[in-house]
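Within every chain, numbering begins at 1; the chains are lettered A, B, ... in the order of the sequence lines, protein sequences first and strands thereafter.
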Amino acid sequence: MRLSRYFLPVLKEDPAEAEIVSHRLMLRAGMIQQLAAGIYNWLPLGFRVLKKVEQIVREEMDRAGALEILMPTIQPADLWRESGRYDDYGKEMLRVRDRHDREMLYGPTNEENVTDIFRRHVRSYRQLPLNLYHIQWKFRDEVRPRFGVMRGREFLMKDAYSFDYDYAGAKRSYENMFVAYLRTFRRMGLTAIPMQAESGPIGGNMSHEFQILASTGESQVYYDAAFEELDLGSGEIDVEQLTNLYAATDEKHDPARCPVPPERLRTGRGIEVGHIFYFGTKYSKPMGATVTGPDGREVPVEMGSYGIGVSRLVGALIEAFHDERGIVWPEAVAPFRVGLVNLRPDEAECSRLADDLYAKLRAAGVETLYDDTEERAGSKFATMDLIGLPWQLVVGPRGARVGLVELRSRATAERQELSPESALARLTG
RNA sequence: CGGGGCGUAGCGCAGUCCGGUAGCGCAUCUGCUUUGGGAGCAGAGGGUCGGCGGUUCGAAUCCGCCCGCCCCGACCA
């Protein structure tokens, strides 16, 4: 993509409305624009990251055997009356009426909806296990939205719902998602610590929230160093062992009862990016979602649900990966892999070389943002640092004369003068 | 929902206390010079001062009501 043809409204100064670093940087890098409190427009650069994050979540859900569907944002109130939540949910739920004065709501979550799908089509235990998920916008009318997309009112969330015949099956489904979550966050370069959360009405320790570590996180967390040594790439993950590892948020951490020896106890700040829980027949029972078992008896299906805050993750990633100059994207979620900088578009030799590199990067399928604008060098560097693409490939008049370009790593600030050919080899290899 | 604060050009702000025809920096446009870390000079454009009402000869400024947004706390992917 040529920057001269792109829409990247970067800000030189910090917007007054933003307090925390991810919010500031998202606004400054032209990723988002606020439309109302807690409601954001996603501009091209931000949208690309959102899609990258979404795609990783999708791939890991698919890999775990979940099936993607898409449920609507607007739901009828009657469905929520069946579970009793219409009255329970309170003001967080945005309630609307259609032209026929029927009560509707903008979904804050989809348990009722997915349970309805299930009960209308699934009759037998033989059709289980089943896990349906979707990635859809939610709305929760938070009293106080803040921190940009980290706590918006409208947010993109992946929510999966598992259906099993019995508790043993539900536990397997839960553990399956547990592992998928660890893989998902790890792929984005994040260390996610699963923490035992408030146990549901039925499940013992079958509720975990996933906190990622970032110095600016909202809550103080304590955890076993073993989490940092997790190898998710190979072999089996022992969920039983993992769920027994110690991890707690500030409120629950009790030094007196902490089983981790001091030298293995780590502490940090955490941002909650996922939450999974088992809730048994909480919805299936009142809503009549039943299956017939091998014994011919009809029983309510065992359920669990599994959320990941997709849009929140974009903010959380920036909290985890930034420095004083801007964002430092991990490659897996970077909006572009390479920022190609033509320092002097007015010089023929310099531009010829930069154009040629751009064509070759494109041909090789490398996502490249090509700064072909008339801006000055300093401004170009500042913008590249701000938007945080992993690699900066700098073509200047000096180097062009002697056939050299400069490759810089945003993360390590390492710089190397190379021939265009070897720079290309590094980026395409 | 309690407490605090802010709405003036695209962005960041001054002006409001003490009423008198709206200003600064950045950005934008034109020209010249410059050109490896947010350039210099000269010129230009851009405003229902959040909205409505009131007081006054006269309101960004004083009074009332409303709207929006931010921050701290109690709650949440």
Those residues that, when tested against A:R172, pass salt bridge (charged side-chain N to carboxylate O under 4.0 Å, His left out) (two or more places apart): none
Would you indicate which nucleotide in [options] comes nearest to any side-chain atom of [X]?
| X | options | value |
| --- | --- | --- |
| A:R312 | B:G37, B:A77, B:C70 | B:A77 |
| A:L343 | B:G36, B:C71, B:G37 | B:G36 |
| A:Q34 | B:C69, B:G37, B:U35 | B:C69 |
| A:R140 | B:U28, B:C76, B:G12 | B:C76 |
| A:P15 | B:G36, B:G12, B:U35 | B:G12 |

Using a heavy-atom cut-off of under 4.0 Å over every strand shown, decide if [X] touches base, sugar-phosphate, or nothing.
| X | answer |
| --- | --- |
| A:I308 | sugar-phosphate |
| A:P397 | base |
| A:R28 | base |
| A:A382 | base |
| A:D159 | nothing |
| A:G274 | sugar-phosphate |
| A:T383 | base |
| A:E17 | sugar-phosphate |
| A:K91 | sugar-phosphate |
| A:A36 | sugar-phosphate |
| A:V273 | sugar-phosphate |

Using a cut-off of strictly less than 4.0 Å, decide whether [X] has a side-chain nitrogen or oxygen near OP1 or OP2 of [N].
| X | N | value |
| --- | --- | --- |
| A:K12 | B:A27 | yes |
| A:R344 | B:G36 | no |
| A:R398 | B:G36 | no |

What is the distance, rounded to the nearest whole Å, between atom OH of A:Y40 and atom P of B:C70? 6 Å
Rounded to whole Å, OH of A:Y89 lies from P of B:C75 at a distance of 16 Å
Verify the ring-centre separation between A:Y278 and A:Y174: is it less than 6.0 angstrom? no
NZ/NE/NH1/NH2 to OD/OE distance under 4.0 Å, A:E111 and A:K282: no
A:F336: which of A:Y6, A:W329, A:Y370 passes ring pair (Phe, Tyr, Trp, His ring centres under 6.0 Å): A:Y6
Can A:F381 be said to stack with the base of B:G36, given centres closer than 5.5 angstrom and planes under 30 degrees apart? no
Can you confirm if the NZ or CZ of A:R376 lies within 45° of the ring axis of A:F381 and under 6.0 Å from the centre of its six-membered ring? no
Taking side-chain contact (heavy atoms from CB on, under 4.5 Å) as the test, write out the residues that go with A:L404, two or more places apart. A:V402, A:E417
